[in-house]
Amino acid sequence: MAKEAGSSSSNPLPLILEEEVEEELLYGAESGWVEALTSCDHLALLSPDLAHIPPPDIPCSECQNPKENWLCLSCKDVFCSRFVNKHMLQHYEQVTHCLALSYSDLSVWCFSCDAYLDAQVIQELRPVHEVAYILKFGEAPPFR
């Protein structure tokens, strides 16, 4: 059912369908939902030993910032995010290590794919995600 959003004749607002607004809020850009990839062509670049990683409270190796840090999944160095001093992005641009795990939310990003990767679905990423989760929360992660 259509509903008029406003009734002022000096600034008439368009008619809005309630169902369209609800759907936009659920699935649109307003929700912030991002679909993670379930495969990636760059997994061969993963470090062979991701069972031993630095703890989540390690500061950026460049600027020593303690927050918003990412773990390079190739060399296991820690760098700050693009919201701090962009050292993880610079690391990727300089040495092309494209896979990184966020210590903030434990998401995995591939700079080459320009996308998040589903660490619970991609078998090669599950071990490092689990180790990072245990280091951060002190218990094993609940898998979907």
Side-chain angles (χ1 to χ4, degrees), residues 1-6 8 11 13-144:
M1 167 139 226
K3 178 193 271 189
E4 192 169 15
S8 170
N11 188 14
L13 296 175
L15 294 176
I16 299 172
L17 295 176
E18 288 180 38
E19 293 166 1
E20 289 177 14
V21 171
E22 289 174 11
E23 189 169 317
E24 175 70 22
L25 290 175
L26 267 177
Y27 302 107
E30 309 252 341
S31 70
W33 179 259
V34 176
E35 192 71 30
L37 299 179
T38 57
S39 65
C40 174
D41 292 337
H42 306 99
L43 297 174
L45 301 173
L46 289 170
S47 167
D49 181 25
L50 289 173
H52 300 94
I53 60 172
D57 59 353
I58 293 291
C60 173
S61 61
E62 293 290 322
C63 67
Q64 303 307 307
N65 183 68
K67 297 181 180 178
E68 291 284 328
N69 289 326
W70 289 75
L71 170 69
C72 174
L73 295 179
S74 293
C75 66
K76 301 194 296 185
D77 285 338
V78 175
F79 300 97
C80 63
S81 79
R82 63 188 178 114
F83 298 113
V84 181
N85 291 314
K86 302 179 183 177
H87 288 127
M88 186 64 229
L89 176 61
Q90 291 171 4
H91 179 68
Y92 161 67
E93 291 169 343
Q94 291 168 359
V95 296
T96 64
H97 290 172
C98 60
L99 299 166
L101 178 133
S102 166
Y103 274 134
S104 295
D105 63 5
L106 303 183
S107 60
V108 175
W109 179 259
C110 177
F111 285 92
S112 294
C113 293
D114 195 29
Y116 285 102
L117 305 179
D118 192 328
Q120 293 187 13
V121 171
I122 300 173
Q123 291 300 315
E124 296 90 336
L125 295 175
R126 283 184 83 166
V128 71
H129 180 267
E130 185 170 339
V131 169
Y133 192 98
I134 291 168
L135 288 171
K136 185 169 180 150
F137 298 110
E139 61 185 359
F143 282 103
R144 324 189 276 267

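We number each residue from 1, following the sequence as shown. Keep in mind that what you see is a predicted model, and the values were worked out from it rather than measured.
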Shortest non-hydrogen separation from [X] to [Y] and the atoms involved:
| X | Y | value |
| --- | --- | --- |
| Gln64 | Pro59 | O-CB, 3.4 Å |
| Leu99 | Leu43 | CD1-CA, 4.1 Å |
| Leu101 | Ala132 | CD2-CB, 3.9 Å |
| Pro142 | Gln120 | O-NE2, 4.0 Å |
| His129 | Leu106 | CD2-O, 3.3 Å |

- Item | Partner of Cys40 under side chain to side chain contact (heavy atoms under 4.5 Å, CB included), chosen from Asp118, Leu117, Leu125, Val108 |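 The single option meeting the side chain to side chain contact (heavy atoms under 4.5 Å, CB included) with Cys40 is Leu117.
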- Task: Would you mind telling me which of Pro54, Pro55, Ser81 makes a side chain to side chain contact (heavy atoms under 4.5 Å, CB included) with Tyr103?
- Result: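 It is Pro54; the other options fail the test.
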Considering only heavy atoms from C-beta outward, does the side chain of [X] approach that of [Y] to under 4.5 Å?
| X | Y | answer |
| --- | --- | --- |
| Glu62 | Phe79 | yes |
| Leu37 | Cys110 | no |
| Leu73 | Leu50 | yes |
| Cys80 | Asn69 | yes |
| Pro56 | Phe137 | no |
| Cys60 | Asn85 | no |
| His97 | Leu45 | no |

- Could you check Tyr116 against Glu35 for side-chain contact (heavy atoms from CB on, under 4.5 Å), going step by step and ending with a plain yes or no? CA-CA 8 Å; Tyr116 285 102; Glu35 192 71 30; over 6 Å; no
- Message: Can you tell me if Lys86 has over 12 outside heavy atoms packed within less than 6.0 Å of its NZ?
- Response: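 No, the 6.0 Å shell around NZ holds no more than 12 heavy atoms from other groups.
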- Message: If you count every heavy atom of other residues, nucleotides or ligands that lies below 6.0 Å from Asp57 atom CG, does the total exceed 12?
- Response: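 Atom CG in Asp57 is packed in, count exceeds 12.
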- Task: Can you label the angle between the Tyr92 ring and the Phe111 ring as parallel, tilted or perpendicular, going by 30° and 60°?
- Result: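 The arrangement is parallel - the two ring planes meet at less than 30°.
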- Message: Nearest 0.5 angstrom please: Met88 CE to Phe83 CZ, how far?
- Response: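 The CE atom of Met88 sits 14.5 Å away from the CZ atom of Phe83.
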- Query: Is a donor on one side and an acceptor on the other found under 3.5 Å between the side chain of Ser61 and the backbone of Val78?
  - Reply: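 Checking the backbone N and O of Val78 against the side chain of Ser61, a donor-acceptor pair under 3.5 Å is found.
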- Query: Are the side chain of Lys76 and the backbone N or O of His52 linked by a donor-acceptor pair below 3.5 Å?
  - Reply: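 Answer holds: yes.
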